[in-house]
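Numbers here are sequence positions counted from 1.
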Amino acid sequence: MIINDYNINMQPVIPNKHVPELKVCGLTKLNQAQELMAMKVNFLGFIFYKKSPRFVLNHLTLEDISKIDHQGKTGVFVNEEADTIAEIAGKAQLNFIQLHGNENTDFISELREKLKPETQIIKVIRIGNNYSENKANIEKFFNNNSNHPHLISYYLFDTDSKAFGGTGKQFDWTFLNEFEIPHPYFLSGGISEDNIGQMDALMQKPAVLDINSKFEISPGDKDTDRIKKFISLIRKTI
């Protein structure tokens with residue numbers, strides 16, 4: 001029996017908190033991947049975009065990545081050929097494919113056919129400064145994918161840039177309240193200790209926080225001590 005939100009032992013009834021999972025993107029060092037695994041980071045992101053300063057194949061081989069024993073290995077691709085993505089996913093034993101470019105529903109459908117059934121797809125939606133244009137594009141994308149809900153497992157919202165991510169800049173997260181997002185989503189773009197409290201304003205909370213450049217010593221070299229402190233802060237704050 002509960003009376004006025006207290007149970008029979010007169011203890012307050014505390015609602016379950018939503019604590020998002022964590023993805024650390026832009027990894028280039030095996031020892032840091034191992035450190036993050038020890039911290040129980042849920043997703044490890046490896047960037048396969050040659051123009052990125054965090055292009056993983058400048059540092060690690062596909063075999064190196066395949067030997068990382070983790071269920072959240074995520075390959076980030078930008079406007080890459082479907083055959084190339086599928087080949088890399090197989091050789092590196094990736095669990096997730098993150099599409100960070102202009103990939104449309106037809107492309108995602110083609111890629112889905114080439115990937116292993118258990119490999120999941122994350123589609124990035126980049127948020128720029130023109131919010132009316134953003135809204136129209138997002139609504140169109142959601143509508144196009146509504147008939148193919150099996151293609152995408154997650155969306156990821158990030159700040160738009162010519163470099164396709166890694167800006168360390170935050171977009172107006174409350175913009176996401178304009179939509180009923182049809183899949184669980186990653187939140188990215190300048191996430192740090194200074195702004196995670198702003199997620200209280202989001203009606204639909206992110207399933208995963210995606211951090212990158214704010215937690216680096218230099219591109220691809222992660223500040224693992226800071227990440228560990230951030231994980232503790234997430235659990236206390238959110």
Side-chain angles (χ1 to χ4, degrees), residues 20-81 84-101 103 111 115 119-124 126 154 156-170 186-193 208-232 234:
E21 295 185 338
L22 185 66
K23 172 172 172 271
V24 178
C25 200
L27 294 170
T28 61
K29 298 176 181 290
L30 287 176
N31 65 314
Q32 292 183 350
Q34 295 294 334
E35 285 186 70
L36 296 173
M37 289 166 61
M39 295 179 207
K40 301 191 183 304
V41 168
N42 309 92
F43 298 83
L44 305 178
F46 303 92
I47 296 176
F48 292 92
Y49 178 50
K50 292 180 181 178
K51 294 181 180 180
S52 171
R54 303 168 185 86
F55 178 49
V56 68
L57 295 183
N58 284 339
H59 306 272
L60 302 175
T61 66
L62 296 178
E63 185 178 4
D64 290 332
I65 298 169
S66 73
K67 292 178 179 178
I68 297 172
D69 186 15
H70 193 273
Q71 297 304 307
K73 289 188 293 185
T74 305
V76 180
F77 298 88
V78 178
N79 299 327
E80 185 57 86
E81 296 290 334
T84 301
I85 295 174
E87 180 180 2
I88 290 173
K91 290 182 178 179
Q93 296 186 26
L94 300 177
N95 309 103
F96 295 84
I97 300 300
Q98 179 175 316
L99 300 175
H100 213 107
E103 301 88 359
L111 177 62
L115 294 172
T119 307
Q120 298 183 57
I121 294 176
I122 304 164
K123 179 64 186 92
V124 176
R126 306 188 308 276
Y154 295 90
L156 186 154
F157 296 96
D158 193 9
T159 306
D160 193 20
S161 74
K162 292 181 180 178
F164 294 96
T167 64
K169 295 180 180 179
Q170 179 186 357
F186 290 60
L187 182 64
S188 188
I191 292 173
S192 73
E193 306 91 338
V208 186
L209 301 181
D210 187 336
I211 62 174
N212 187 350
S213 59
K214 286 280 189 178
F215 292 84
E216 288 185 324
I217 299 164
S218 61
D221 184 10
K222 304 303 176 184
D223 187 338
T224 53
D225 287 338
R226 186 177 174 187
I227 293 171
K228 180 180 272 188
K229 292 175 184 176
F230 183 67
I231 292 171
S232 296
I234 290 171

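Atom OG of Ser218 and atom CD of Glu216 lie 7.0 Å apart (nearest 0.5 Å). Atoms CG and CD, on Leu44 and Gln71 in that order, are 11.0 Å from each other to the nearest 0.5 Å. Within the model, atoms CD1 of Ile85 and CG of Leu111 stand 5.0 Å from one another, a figure rounded to the nearest 0.5 Å. Taking CD1 of Ile227 as the reference point, atom OG of Ser232 lies at 12.5 Å (rounded to 0.5 Å). Here CZ of Phe48 is found 8.0 Å from CD1 of Ile97. Values are rounded to the nearest 0.5 Å. In this structure, CG in Asp223 is found 12.5 Å from CZ in Phe230, a value given to the nearest 0.5 Å.
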Side chain to side chain contact (heavy atoms under 4.5 Å, CB included), that's the test. Do Leu156 and Val124 meet it? Break it down for me. CA-CA 4 Å; Leu156 186 154; Val124 176; 3.9 Å; yes
Quick one: do Asn212 and Arg54 satisfy side chain to side chain contact (heavy atoms under 4.5 Å, CB included)? Show the steps, please. CA-CA 10 Å; Asn212 187 350; Arg54 303 168 185 86; 3.2 Å; yes
What do the steps show when you test Val78 against Lys51 for side chain to side chain contact (heavy atoms under 4.5 Å, CB included), and what is the final call? CA-CA 10 Å; Val78 178; Lys51 294 181 180 180; over 6 Å; no
With side chain to side chain contact (heavy atoms under 4.5 Å, CB included) as the test, would you mind laying out the steps for Ile231 and Val41 before giving the verdict? CA-CA 9 Å; Ile231 292 171; Val41 168; 4.0 Å; yes
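Under the side chain to side chain donor-acceptor pair (under 3.5 Å) criterion, Ser66 pairs with no residue at all, not counting sequence neighbours. Scored by the side chain to side chain donor-acceptor pair (under 3.5 Å) test, Asn58 finds no partners at all (sequence neighbours excluded). Residues forming a ring pair (Phe, Tyr, Trp, His ring centres under 6.0 Å) with Phe186 (at least two apart in sequence, or on another chain): Phe43, Tyr154. Under the ring pair (Phe, Tyr, Trp, His ring centres under 6.0 Å) criterion, Phe55 pairs with no residue, sequence neighbours left out. Among residues two or more places apart in sequence or in another chain, the side-chain contact (heavy atoms from CB on, under 4.5 Å) test is passed with Gln32 by Lys29, Glu35, Asp221, Lys222, Thr224. A search for side-chain contact (heavy atoms from CB on, under 4.5 Å) contacts involving Lys73 returns Phe46, Ile65, Ile68, His70, Gln93, Leu94, Asn95, not counting sequence neighbours. Residues satisfying the salt bridge (Lys or Arg N to Asp or Glu O under 4.0 Å) criterion with Lys67, sequence neighbours excluded, are Glu63. With sequence neighbours excluded, the residues forming a salt bridge (Lys or Arg N to Asp or Glu O under 4.0 Å) with Glu193 are Arg226, listed by chain and number. Not counting sequence neighbours, the partners of Glu87 by the side chain to side chain donor-acceptor pair (under 3.5 Å) test are Lys91.
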Please output the side-chain donor-acceptor pairs of residues 20-28 that fall under 3.5 Å, not counting sequence neighbours, one pair per line with the distance.
unit_1, atom_1, unit_2, atom_2, d
Lys23, NZ, Gln98, OE1, 2.9
Lys23, NZ, Asp210, OD2, 2.7
Thr28, OG1, Gly220, O, 2.7

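Between Ile88 and Phe77 there is a side-chain heavy-atom pair separated by less than 4.5 Å.
For the pair Leu115 and Ala89, the tightest heavy-atom approach, listed with the atom from each and the gap, is CD2-CB, 4.0 Å. Summarising the geometry of Arg126 relative to Gly101, their closest heavy-atom pair is NH1-O, 3.0 Å, with the distance given to 0.1 Å.
Glu103 contributes a side-chain N or O that, together with a main-chain N or O of Asn79, makes up a donor-acceptor pair within less than 3.5 Å.
With a 6.0 Å radius and a threshold of 12 heavy atoms from other residues, nucleotides or ligands, Asp69 has its CG atom at or below the threshold.
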